[in-house]
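Input: a single structure, listed below in C-alpha cells.
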Number of protein chains: 2
Amino acid sequence: MVYAVNGDIVGLEQAGAACRECNLFQLCLPVGMGSDELEELDSIIKRRRPLKRGEHLFHVGTPFHAIYAVRSGSIRTYAPTEDGHEQVTGFRLPGELLGLEAIHLKQHPCAAMAMETTSLCEIPFERLEELCLRLPGLQHQLLTVMSKELLQDQSLLMLLGKKSAEERLAALLLSLSERYQRRGFSPTDFHLSMSRNDIGNYLGMAVETVSRVFSRFQEDALLIVQRKHICILNLPQLAVIASRRVSDTE
Amino acid sequence: MVYAVNGDIVGLEQAGAACRECNLFQLCLPVGMGSDELEELDSIIKRRRPLKRGEHLFHVGTPFHAIYAVRSGSIRTYAPTEDGHEQVTGFRLPGELLGLEAIHLKQHPCAAMAMETTSLCEIPFERLEELCLRLPGLQHQLLTVMSKELLQDQSLLMLLGKKSAEERLAALLLSLSERYQRRGFSPTDFHLSMSRNDIGNYLGMAVETVSRVFSRFQEDALLIVQRKHICILNLPQLAVIASRRVSDTE
DNA sequence: CGATGCTTTGACGAACTTCAACGCGGGTGG
DNA sequence: CCACCCGCGTTGAAGTTCGTCAAAGCATCG
C-alpha cells in the first residue's frame, strides 16, 4: 500500500512513514537495502518544514551535523570565492543528497538555498555513521553516492575546462532532462527553477552569453524557451552538441 | 624502531612493515587510528612493484577492485571525453588516495599513469569495506577523505569557471607548493613532474598559454622557471594573484 | 650528431566578456 | 483594476583574453 504518492505531502512531516513509502526510493540513499534496514534508517531521519523559495538550508560555516536528501523542490548550492564572489556548485533535485562535502571540515563549505518551495529529509551524520557500522548495505550505498558525486564533479570539470558556451548549456539541459525523466517527469518539457544568473555562474559564462545561446538554440529549432519554461524539440541534436569534439592540442 | 625512512624502499615491498612505519602516516588513510587498528589495516594492504614513468596503474574501464595510496612519486589521472580527447582530472602526490570515483560504476572511469617512478599501496576495496564495519575510525576517515576530495573538486570548479589563465596557474603552483611543504619538501623550490601539456589540459588552457603565463610570471620576478624546475621568489604575491577578484556579474 | 619531442615565442582571429540600453512581466500600491 | 516600478532577461556594439597556426629553440636519446 502506498500512502504518499509524491514526497511533497507536508502533513506527513515527522510521521513514521518514510523511505519505504517515498517514491524516490530507487534514487536516494536507501538503494538496495532490505526492509529491516530501511526501518532502521527511517528511525534516524528527520523531516523538517519545507523551505520557501530563497530560504537557506545552511550557510557557509554552519556546523555540520547532518546530510540532507531533497524530497521535493530543488536546492542550489554555492560557495563564496576568496574574492567575495560566488560559485554555484550544483543544483539538487528530489532524491539527491547534499552536505557530503562538509564531513571533512565539520562545517559547511558552501551554502544551500531553496530555488522553490522545497522539502527535505535530514539525516544526522553521527547516527548515520553508527548505523553504517551495522548495516553493510548502507555503508556501501553511502560510499557509492559519494563516489557518484566525485564522478559528476569530474564531468563538470571537463565541461568547464574543455567546452564552449553552446556545449556547456547543451550539457546542462541534457543533464536536467535525464534527471527529470528518472523522476517521472517529461524529459523534453520542464521548468527551470534557477535564474539565468545561476546558470551562467554554474557554467562559468556571462549571463548575456547564456541568453544568447538560448536564443541561438531557439533559432536552430532545438528548443523553445519562454522565460523559465523549456520545451526541447530536438533532444538528439542537443546531445550531439553537448558531446561535440572540442579542438584540443592532441 | 623505524626501518623505512621514506616510502620508496622497494626491497620492503610486501614486507609486514607498513602504515605504522610510513612517514605519510598523517596525510594518508590511517589518520587518527590506534595502533591495533593500524595493524588490521596493514594486514589488508598490498604493496606492488613501483611503476615506471608512463606506466599505467589502471586504464579506463579496468574493473574496480582496490583503491590506491601513493607512497612515493606521483600519478596523473585523466579521463577520456566523449569526443575522443582527454581531460586531466588530477595530480596525486605521496599520501593521497586514488580510485575512489570508481566505487559507483565498479570500474575505473579514468586512467592513472605514473609521471615518474612511483610506488603505491593497494587497498582491496571489499576488504576495506569489511574492515570499516569493525573500525569506526577507519570508516570515518574514509568518508573524510572522500569529503575532502569533493571539496577539492569544487575549488577546481571555481578555478575553471571563474578564473583567468594567470589565476589558474598561480593557484596550481600554490597548491603544489602547499602539498610539497606538508610532505617535508621546500614550498618554493620544486620539480614539476607533469608536462606543460598536462598542466594546460588540467587547467583548461592551451599549452602556449601556460608557457606564456610562466614567462610573464618570470618577467615579473614571481618565480624562476627552468624547464621543469620551479623556484618561487614571491609566494605571497602568487597567492594574491591566485585569489584575485574576477569580474563577475554581481 | 641528427632526430624527436617538448617548450617557447609571435601574429592573427574567434569566442566570450563587458558595457549599455531596452523589453517584458509580476507584484505593489493607489 | 490599472499604472508604475523593479528585477530579470534579451539584444547590440566594442573590447579583451585566449586559442590557433606557424616556426624556431633546446634538451634528451638513440
Side-chain angles (χ1 to χ4, degrees), chain A residues 52-54 76 83 85 87-88 115-116 159-170 173 191-220 223-230 241 244-250, chain B residues 52-54 76 83 85 87-88 113 115-116 159-172 191-220 223-230 241 244-250:
Chain A
K52 293 202 191 73
R53 174 186 166 82
R76 177 188 77 182
D83 50 45
H85 288 260
Q87 163 79 39
V88 173
M115 295 193 292
E116 60 197 303
L159 212 65
L160 295 179
K162 300 263 175 298
K163 304 275 188 170
S164 72
E166 291 198 354
E167 290 156 348
R168 291 180 202 190
L169 188 57
L173 291 175
H191 181 82
L192 293 176
S193 43
M194 66 292 281
S195 70
R196 298 289 190 272
N197 216 314
D198 292 339
I199 296 176
N201 189 311
Y202 179 64
L203 296 178
M205 52 205 248
V207 196
E208 293 92 330
T209 308
V210 176
S211 195
R212 275 186 255 269
V213 175
F214 265 128
S215 302
R216 218 174 304 154
F217 282 171
Q218 186 159 269
E219 280 169 28
D220 298 349
L223 47 77
I224 295 170
V225 49
Q226 273 181 324
R227 299 186 54 72
K228 305 218 158 187
H229 188 87
I230 299 289
I241 292 177
R244 190 157 65 187
R245 86 160 272 139
V246 176
S247 50
D248 242 43
T249 48
E250 31 148 25
Chain B
K52 292 204 191 71
R53 173 185 168 83
R76 177 188 77 183
D83 51 42
H85 288 260
Q87 163 79 40
V88 173
M113 177 191 262
M115 296 192 292
E116 59 198 303
L159 212 64
L160 294 179
K162 298 263 176 298
K163 305 275 188 170
S164 70
E166 290 199 354
E167 291 158 346
R168 292 180 200 189
L169 187 56
L172 174 62
H191 182 82
L192 294 175
S193 42
M194 67 290 283
S195 71
R196 297 289 190 271
N197 217 315
D198 292 338
I199 295 177
N201 189 310
Y202 179 64
L203 295 178
M205 52 207 249
V207 196
E208 293 93 329
T209 307
V210 176
S211 195
R212 274 186 259 269
V213 174
F214 265 130
S215 303
R216 219 174 305 155
F217 282 171
Q218 185 159 271
E219 281 168 28
D220 298 347
L223 47 74
I224 295 169
V225 48
Q226 274 182 327
R227 297 187 56 71
K228 305 220 159 186
H229 187 86
I230 299 288
I241 293 176
R244 190 156 62 186
R245 88 161 266 140
V246 176
S247 49
D248 244 44
T249 47
E250 34 153 24

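Every chain is numbered from 1, with letters handed out A, B, ... down the list of sequences. Only this structure's heavy atoms are used, side chains among them; waters, hydrogens and symmetry mates stay out.
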* Asked: Rounded to the Å, how far apart are A:Met115 CE and D:dC8 C1'?
  -> 16 Å
* Atom CZ of B:Arg227 and atom P of D:dG25: how far apart are they, to the nearest Å? -> 16 Å
* To do: Grab the CD-C1' distance between A:Glu208 and C:dT17 for me, whole Å please.
  => 8 Å
* Asked: Counting any heavy atom closer than 4.0 Å, what does B:Gly204 reach on the DNA or RNA strands: base, sugar-phosphate only, or nothing?
  -> sugar-phosphate
* Could you check how far CD1 of B:Ile199 sits from C1' of C:dT7, rounded to whole Å? => 11 Å
* To do: Measure the distance from CD on A:Glu167 to P on C:dA14 and round it to the nearest whole Å.
  => 17 Å
* Asked: Quick one: does B:His229's side chain get under 4.5 Å of B:Ile224's, heavy atoms only?
  -> no
* Flag the pair A:Phe214 / A:Leu173 as yes when at least one side-chain heavy-atom distance between them is below 4.5 Å, and no otherwise. => yes
* Return the value, rounded to whole Å, for the distance between atom NZ of B:Lys162 and atom C1' of C:dT17. => 13 Å
* To do: Compare the minimum distances between each of D:dT10, D:dC18, C:dT8 and the side chain of B:Ser164, then state the nucleotide with the smallest one.
  => D:dC18
* Asked: For the pair made of CG in A:Leu192 and P in D:dT10, what is the distance, rounded to whole Å?
  -> 10 Å
* Rounded distance (Å) that lies between atom P of D:dC18 and atom CZ of B:Phe214 -> 15 Å
* Side-chain contact test, heavy atoms from C-beta onward, threshold under 4.5 Å: evaluate it for A:Arg76 versus A:Met194 and give yes or no. => no
* To do: Report the nucleotide, chosen from D:dT10, D:dC18, C:dT17, that has the shortest atom-to-atom distance to any side-chain atom of A:Thr209.
  => C:dT17
* Is B:Leu203 close to B:Val210 at the side-chain level, that is, under 4.5 Å between some pair of heavy atoms? -> no
* Structure fact -> Walking DNA chain D from its 5' end, the first of A:Lys228 and A:Arg212 to be reached, judged by nearest nucleotide, is A:Lys228
* Asked: A:Ser195 near the nucleic acid: base, sugar-phosphate alone, or nothing, with a heavy-atom cut-off under 4.0 Å?
  -> sugar-phosphate
